[in-house]
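Data block below; observations after.
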Amino acid sequence: MTLVRVDKLAATAGSSILVDGVSFEVVEGEVTALVGASGSGKTTSALALLGEHGDGVRLGGRVEVDSRVVVDSNGVTGEAAAVRGRVVAYMPQHPGSALNPARRIGTTLRELAKLHGGVVDEAIRAAQLPGATLKRFPHQFSGGQRQRVALAQALTCRPKVLVLDEPSTGLDSITRWQLMNELRDLTAAGLGILLLSHDLDLVRALATRVVVLDAGRVIDSGGIDVLPSSPDLPSTGTSAAGQPLLEAMSLSASLRPRGRDVVLRDVVLAVRAGACLGVVGRSGSGKTTLARCLAGLHERHTGRILLDNEPLPVLRNRTSEQTRRVQYVWQEARGSFDERRSVDRQVARTAQRLRGLTSDQAHAEAVATLARLGVAAITAARPPSRLSGGELQRAALARAALANPDVLICDEITTALDDHGTALVLDLLTELKNRGTALIWIGHDLGLVAAVADEVMVLDAGRVVEQGPPATLTTEPHHDLTRRLVTAARIGNPESPPVLTIDPRSEPRR
């Protein structure tokens with residue numbers, strides 16, 4: 001049974017054409033995938049199923065959902081309200097935007113269940129979350145955990161069609177594997193899924209139909225055979241010699257005062273100029289808290305952090321030069337931009353404030369760096385809401401790079417990028433490393449981390465459980481978690497990795 005028919009969908013914003021003549025179907029019990037580069041029109045096309053669109057955007061064509069016409073030649077119809085949630089549920093690419101920061105997760109899910117006849121416990125299990133999730137607030141979860149909370153929120157509506165916008169973003173390889181199996185179970189039960197993803201391995205594992213978009217147009221469609229092959233990523237490891245540039249000694253961190261809710265336990269690390277330290281682990285293992293400690297943003301920590309063998313204080317006590325030298329690229333890029341100002345001006349501000357460039361000099365350098373990362377000047381001149389998730393990730397990297405940092409901390413900075421976008425990011429980072437910048441690359445994609453890092457650290461429940469060269473960790477892992485991460489990193493592997501039992505210590509925000 002066909003649940004969704006999209007015929008010659010069009011979306012315009014003033015004189016700009018965002019989507020032009022896009023057509024596809026979503027069938028009961030199957031997965032239809034929209035793939036394409038960041039900014040290709042995937043999210044705009046998907047939101048049309050709910051009759052939603054950005055400010056100033058006009059929809060045309062025809063969108064029919066469960067026999068209701070949601071969009072016609074005159075735009076969004078009155079039927080759109082009837083399909084939202086109850087027929088079509090949408091999980092956004094940035095989960096923070098779907099969660100109310102002032103309400104506990106359980107309160108929100110119970111209200112949705114009452115409104116749509118859903119079952120909270122079923123949704124929680126399907127999203128691979130423990131029952132304790134219901135008592136917490138969104139800020140108490142890592143980015144990957146918030147992704148699963150947003151999925152539970154969508155499933156509580158018991159929709160016929162589930163729209164997933166980059167659902168594997170921020171997920172470690174084991175959780176990603178489990179998500180794949182759960183989505184297979186949901187389709188087997190009759191759910192129709194529209195999957196928007198640059199994760200081609202996930203698409204190959206799940207999709208029946210594939211639609212390839214480029215610049216708002218369909219350039220190919222069919223089965224998974226229309227997908228491009230995933231190129232091998234270039235290695236950027238350098239194994240630079242010399243004394244450590246940034247060090248952490250006996251670093252422990254907690255969420256609450258007086259050392260309560262410990263999330264990091266006696267972490268030791270060192271990274272040299274021109275080298276890259278990779279940090280991997282399951283969602284909630286402590287990766288982001290480690291990054292925030294090094295960036296000076298998480299103040300509830302003990303131990304020592306040194307830069308050039310000198311103590312590095314928390315951010316509010318750092319000098320402008322110390323701030324310039326240590327830069328942090330946030331995991332959730334959209335939340336790090338001010339919606340009231342254009343992206344290019346916000347990127348340029350770094351060079352003005354930390355390097356003393358004039359406004360014109362900083363703007364010219366910002367535009368050039370953004371263009372190198374594949375974000376055109378006309379795109380960067382817009383407010384953040386007008387950019388895709390992948391474009392904002394690259395803008396966040398450009399903003400940090402304009403400081404000419406000595407240490408660059410990258411927290412899941414390629415999760416919204418396709419292979420081409422990732423290659424552009426790696427090219428810039430390779431140049432920074434060649435200049436002597438030390439990189440700390442935090443990621444869930446073990447394959448990518450292994451390709452860029454000289455050394456890889458594995459975190460579990462806030463502790464370092466294994467560390468070594470990437471070639472050793474991926475071919476001869478010693479710790480049980482590392483073995484599971486390596487196995488689960490390849491979705492096409494015929495043997496499913498053992499399912500980890502949930503350690504309650506690793507569930508609060510990391």
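Scope of the values below: all heavy atoms of this structure, side chains included, with no hydrogens, waters or symmetry mates.
- Within the 4.5 Å cutoff, the side chain of V27 has no heavy atoms near those of the T32 side chain.
- Q153 and T108 are not linked by any side-chain donor-acceptor pair at a separation below 3.5 angstrom, with hydrogens and angles left out of the test.
- Side chains of S38 and S388: a donor on one and an acceptor on the other come within 3.5 Å.
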I would like to know whether L432 and L429 meet side-chain contact (heavy atoms from CB on, under 4.5 Å); could you show each step before the answer? CA-CA 5 Å; L432 292 175; L429 293 181; 4.0 Å; yes
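- Remark: the backbone N or O of G41 is paired with a side-chain donor or acceptor of S45 at under 3.5 angstrom.
- Residues L481 and L485 are in side-chain contact: their nearest non-hydrogen atoms beyond the backbone lie under 4.5 Å apart.
- Not a single donor-acceptor pair under 3.5 Å links the side chain of S73 to the backbone N or O of G60.
- When atom types are taken as modelled, the side chain of R68 and the backbone of E79 share no donor-acceptor pair closer than 3.5 angstrom.
- Listed for the R386 side chain is no donor-acceptor partner under 3.5 Å among the backbone atoms of G54.
- Between the side chain of R5 and the backbone N or O of E25, no donor-acceptor pair lies under 3.5 Å.
- Judged by distance alone, with hydrogens and angles left aside, the side-chain atoms of H298 form no donor-acceptor pair with the main-chain N or O of L255 at under 3.5 Å.
- Applying side chain to side chain contact (heavy atoms under 4.5 Å, CB included) to D411 and the options R292, K287, Q331 leaves one that passes, Q331.
- Counting only N and O atoms by type, the side chains of S342 and D344 include a donor and acceptor under 3.5 Å apart.
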Under 3.5 Å donor-acceptor pairs involving side-chain atoms of residues 216-225, not counting sequence neighbours:
from, atom 1, to, atom 2, distance (Å)
R217, NE, D20, OD2, 3.2
R217, NH2, D20, OD2, 3.1

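- With hydrogens and angles left out, the side-chain atoms of T43 and D165 include a donor and acceptor closer than 3.5 Å.
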